[in-house]
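These numbers come from a predicted model, not from an experiment.
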Amino acid sequence: MPEGPEIRRAADQLAAAILNQPLRDVWFAFPRLQHYQRELIGERVIAIEPRGKALLTHFSNGLTMYSHNQLYGVWKVAAAGESPATKRELRVRLETAQQAILLYSASDITLGPRGEIEQHPFLQRIGPDVLDERLTPQQVAERLLSPPFRRRQLGGMLLDQAFLAGLGNYLRAEILWQAQLAPQHRPQALTPEALQRLAQALLAVPRLSYHTRGQADDDRHHGALFSFKVFHRSGEPCPRCGAMIEKTTLSSRPFYFCPVCQR
């Protein structure tokens, strides 16, 4: 499943394709949404907002579409009137005079007035978005020590969208490596220094991934380019201490770590 940085980059690409352009064709696969098709013709997409691993597509008439890709959903951009070659099933098509954005294979799609969509059960239970630039390390540290999370093991908690929305499996491994912590630690048992390292890593690693992951070396920005330090690197030396990175299973997901400097 794509994690927060990938969802936000996808939102950026979709917005660049159709934002603020009148819609000339709207199509939904699900019958429960089809009565909105005529209502959206001539309206504009005014924002595409990531919320963790979900997207909110805001229209100029006050409607909002909630979509979650889950495991198989994917958004694509195409020229107006064209469709990409794919075996996936089309769920949504929003088309302007120049370009179209198309959602394939997703099953969790809801459309309605903005206020109603904000009450969607997924949106109600997720925590702050890890890529929200207003979120500070101090706020994250306070959340780590709050009653719902302070006694939980980090390995499982970092996959819980109720803690911070947008975190996932590769980010979990990279954040814990950056913070020099084993997944068995609980926030309430951390030293102030370790808690601060973790709070900073919880924001810095996803934000670096969003800004730089997938770029070539010649696109390096001030030396900061995201690369995996432990994820999918079992049997390779740890970049920090040189010990061999190991792989295990944690919360039913593969987990990579350094057994020496993540204690």
> Should Val92 and Phe28 be marked as a side-chain contact (heavy atoms from CB on, under 4.5 Å) after you check the CA-CA gap, both sets of side-chain angles, and the distance that decides it?
Replying inline: CA-CA 5 Å; Val92 177; Phe28 298 110; 3.8 Å; yes
>> Atom CD of residue position Glu49 - does it have more than 12 heavy atoms of other residues, nucleotides or ligands inside 6.0 Å?
In response: yes
Any sub-3.5 Å donor-acceptor pair from [X]'s side-chain atoms to [Y]'s backbone N or O?
X: Glu95; Y: Val26; result: no
X: Tyr256; Y: Glu246; result: no
X: His185; Y: Arg263; result: yes
X: Gln153; Y: Pro183; result: no
X: Gln262; Y: Leu181; result: yes
X: Thr249; Y: Ser252; result: no
X: Glu82; Y: Ala79; result: no
X: Thr86; Y: Arg88; result: yes
X: Arg197; Y: Ala179; result: yes
X: Gln70; Y: Ala106; result: no

Would you give the length of the straight line joining atom [atom1] of [X] to atom [atom2] of [Y], rounded to the nearest 0.5 angstrom?
X: Thr57; Y: Met65; atom1: OG1; atom2: CE; result: 4.0 Å
X: Gln196; Y: Glu193; atom1: CD; atom2: CD; result: 9.5 Å
X: Asp12; Y: Ile48; atom1: CG; atom2: CD1; result: 9.5 Å
X: Leu123; Y: His68; atom1: CG; atom2: NE2; result: 9.5 Å
X: Thr136; Y: Gln200; atom1: OG1; atom2: CD; result: 10.5 Å
X: Phe231; Y: Glu174; atom1: CZ; atom2: CD; result: 8.0 Å

Compare every heavy atom of [Y] with every heavy atom of [X], then report the nearest pair and how far apart it is.
X: Met244; Y: Pro237; result: CE-CA, 3.5 Å
X: Lys53; Y: Gly168; result: NZ-CA, 3.9 Å
X: Gly155; Y: Leu250; result: CA-CD2, 3.8 Å
X: Gln188; Y: Arg151; result: OE1-CG, 3.4 Å
X: Ala199; Y: Ala141; result: CB-N, 3.9 Å
X: Thr96; Y: Ala80; result: O-CB, 3.5 Å

Decide whether [X] and [Y] are clustered together by the hydrophobic rule: side chain heavy atoms of Ile, Leu, Val, Met, Phe, Trp, Tyr closer than 4.5 Å, transitively.
X: Phe149; Y: Leu159; result: no
X: Phe59; Y: Leu14; result: yes
X: Leu23; Y: Leu63; result: yes
X: Leu164; Y: Met157; result: yes
X: Leu135; Y: Ile126; result: no

> Are Arg207 and Tyr210 in a cation-pi setup, meaning NZ or CZ lies under 6.0 angstrom from the ring centre and within 45 degrees of the ring axis?
Replying inline: no
Side-chain heavy atoms of [X] within contact of [Y], under 4.5 Å:
X: Ser209; Y: Tyr170; answer: yes
X: Pro137; Y: Leu203; answer: yes
X: His58; Y: Arg114; answer: yes
X: Pro50; Y: Leu131; answer: no
X: Leu103; Y: Leu94; answer: no
X: Tyr36; Y: Leu111; answer: yes
X: Arg93; Y: Ser83; answer: yes
X: Asn169; Y: Pro254; answer: yes

>> Show every side chain to side chain donor-acceptor pair (under 3.5 Å) that has at least one partner inside residues 121-133, sequence neighbours left out.
In response: Asp132-Arg134
Less than 3.5 Å apart, any donor N or O on the side chain of [X] or [Y] sitting next to an acceptor on the other?
X: Ser67; Y: Arg91; result: no
X: Glu116; Y: Tyr66; result: no
X: Tyr72; Y: Ser107; result: no
X: Glu142; Y: Gln138; result: yes

> Going through the distances and angles, do Val140 and Val130 end up as a side-chain contact (heavy atoms from CB on, under 4.5 Å)?
Replying inline: CA-CA 9 Å; Val140 172; Val130 73; over 6 Å; no
> With sequence neighbours excluded, what pairs up with Glu43 under the salt bridge (Lys or Arg N to Asp or Glu O under 4.0 Å) test?
Replying inline: none
> What residues form a salt bridge (Lys or Arg N to Asp or Glu O under 4.0 Å) with Arg240, not counting sequence neighbours?
Replying inline: none
>> Is there a side-chain contact (heavy atoms from CB on, under 4.5 Å) between Tyr104 and Glu89? Walk through the geometry before answering.
In response: CA-CA 5 Å; Tyr104 291 90; Glu89 294 186 15; 5.9 Å; no
> Phe255 and Leu176: side-chain contact (heavy atoms from CB on, under 4.5 Å), yes or no, with the steps?
Replying inline: CA-CA 10 Å; Phe255 180 75; Leu176 289 176; 3.9 Å; yes
>> So that I can tick it off, tell me whether Glu118 and Arg51 are bridged by a salt bridge, with the cut-off set at under 4.0 angstrom between side-chain N and carboxylate O.
In response: yes
